[in-house]
Visitor: 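There's a structure below that I have some questions on.
The figures here come from the full heavy-atom set of this structure, side chains too, leaving out hydrogens, waters and symmetry mates. Throughout, numbering of the chain's residues begins at 1 and tracks the sequence.
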Amino acid sequence: MHSYVKMPGDRTAYLSELAAGDEVLVVSPRGEARVATVGRVKIEHRPLVRVDAREAQMGDEISVFLQNAETVKVVAPG
């Protein structure tokens with residue numbers, strides 16, 4: 001699996017390439033971006049599960065990768 005991060009200067013990097021002290025862009029829900037400095041990096045290889053879902057009325061589809069662990073729960077309303 002490849003996960004990217006946006007860097008200043010219109011660059012991208014793999015998450016696995018990050019190191020403490022690197023600058024990355026963080027974006028608010030309103031789309032406002034600012035530069036933040038990475039404080040610590042810890043890479044752990046964990047099993048993932050892909051969840052595909054479709055909204056019943058509108059038919060919108062989403063996909064998400066979740067860590068396959070006892071601490072991650074998928075629940076349904078009701």
Side-chain angles (χ1 to χ4, degrees):
M1 181 161 144
H2 303 286
S3 295
Y4 297 92
V5 62
K6 186 76 170 168
M7 312 281 284
D10 202 29
R11 298 178 299 125
T12 58
Y14 289 115
L15 284 174
S16 60
E17 296 173 333
L18 289 181
D22 286 346
E23 291 185 332
V24 296
L25 291 180
V26 293
V27 181
S28 76
R30 294 182 301 276
E32 301 159 338
R34 67 178 177 86
V35 175
T37 302
V38 175
R40 177 176 181 255
V41 176
K42 180 178 179 183
I43 303 292
E44 295 182 3
H45 297 279
R46 303 275 181 133
L48 299 176
V49 61
R50 179 177 158 179
V51 176
D52 296 315
R54 180 177 305 136
E55 196 275 332
Q57 293 174 341
M58 300 296 290
D60 295 333
E61 295 183 16
I62 63 164
S63 259
V64 64
F65 285 97
L66 300 173
Q67 180 179 324
N68 188 11
E70 66 279 354
T71 57
V72 177
K73 307 289 185 210
V74 177
V75 297

Visitor: Are M7 and I43 linked, directly or through intermediate hydrophobic residues, by side-chain heavy-atom contacts shorter than 4.5 Å (ILVMFWY only)?
Guide: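 Same cluster.
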Visitor: Please identify which of these residues, L25, L18, V26, meets the side-chain contact (heavy atoms from CB on, under 4.5 Å) condition with V5.
Guide: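 Answer after filtering L25, L18, V26: L18.
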Visitor: Transitively linked via ILVMFWY side-chain contacts under 4.5 Å: V72 with V51?
Guide: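 Linked, V72 and V51 end up in one cluster.
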Visitor: Give the cluster check for V38 versus L15: same hydrophobic cluster or not, with ILVMFWY residues linked at side-chain heavy-atom distances below 4.5 Å.
Guide: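 In one cluster with V38: L15, yes.
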Visitor: Heavy atoms only: give me the nearest V35-P8 pair and the separation to one decimal.
Guide: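 That would be CG2-CG, 4.0 Å.
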Visitor: Atom CD of E17 and atom OH of Y4: how far apart are they, to the nearest 0.5 Å?
Guide: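 E17 atom CD to Y4 atom OH measures 9.0 Å (nearest 0.5 Å).
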Visitor: Assess whether atom CG of D52 is packed by more than 12 heavy atoms of other residues, nucleotides or ligands within 6.0 Å.
Guide: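 Yes, CG of D52 has more than 12 neighbouring heavy atoms, counting only those of other groups under 6.0 Å.
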Visitor: For A20 versus V41, what's the shortest heavy-atom pair and its separation?
Guide: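 For A20 and V41, the tightest heavy-atom pair comes out as N-CG2, 3.9 Å.
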Visitor: Is a salt bridge present between E32 and R34, judged by a nitrogen-to-oxygen distance below 4.0 Å?
Guide: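 No salt bridge links E32 with R34.
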Visitor: Return the minimal non-hydrogen interatomic distance between E70 and K73, and the atom names on each side.
Guide: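 Shortest heavy-atom separation between E70 and K73 comes out as O-NZ, 2.7 Å.
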Visitor: Is there a path of hydrophobic side-chain contacts, each under 4.5 Å between heavy atoms of I, L, V, M, F, W or Y residues, that connects V49 with V74?
Guide: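 Hydrophobic grouping puts V49 with V74.
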Visitor: Please go through V75's hydrophobic cluster and name the other residues, only I, L, V, M, F, W, Y counting, with side-chain heavy atoms under 4.5 Å joining them.
Guide: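 V75 shares its hydrophobic cluster with no other residue.
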Visitor: Identify the two heavy atoms, one from T12 and one from K6, that lie closest to each other, and give their separation to 0.1 Å.
Guide: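 That would be CG2-CD, 4.3 Å.
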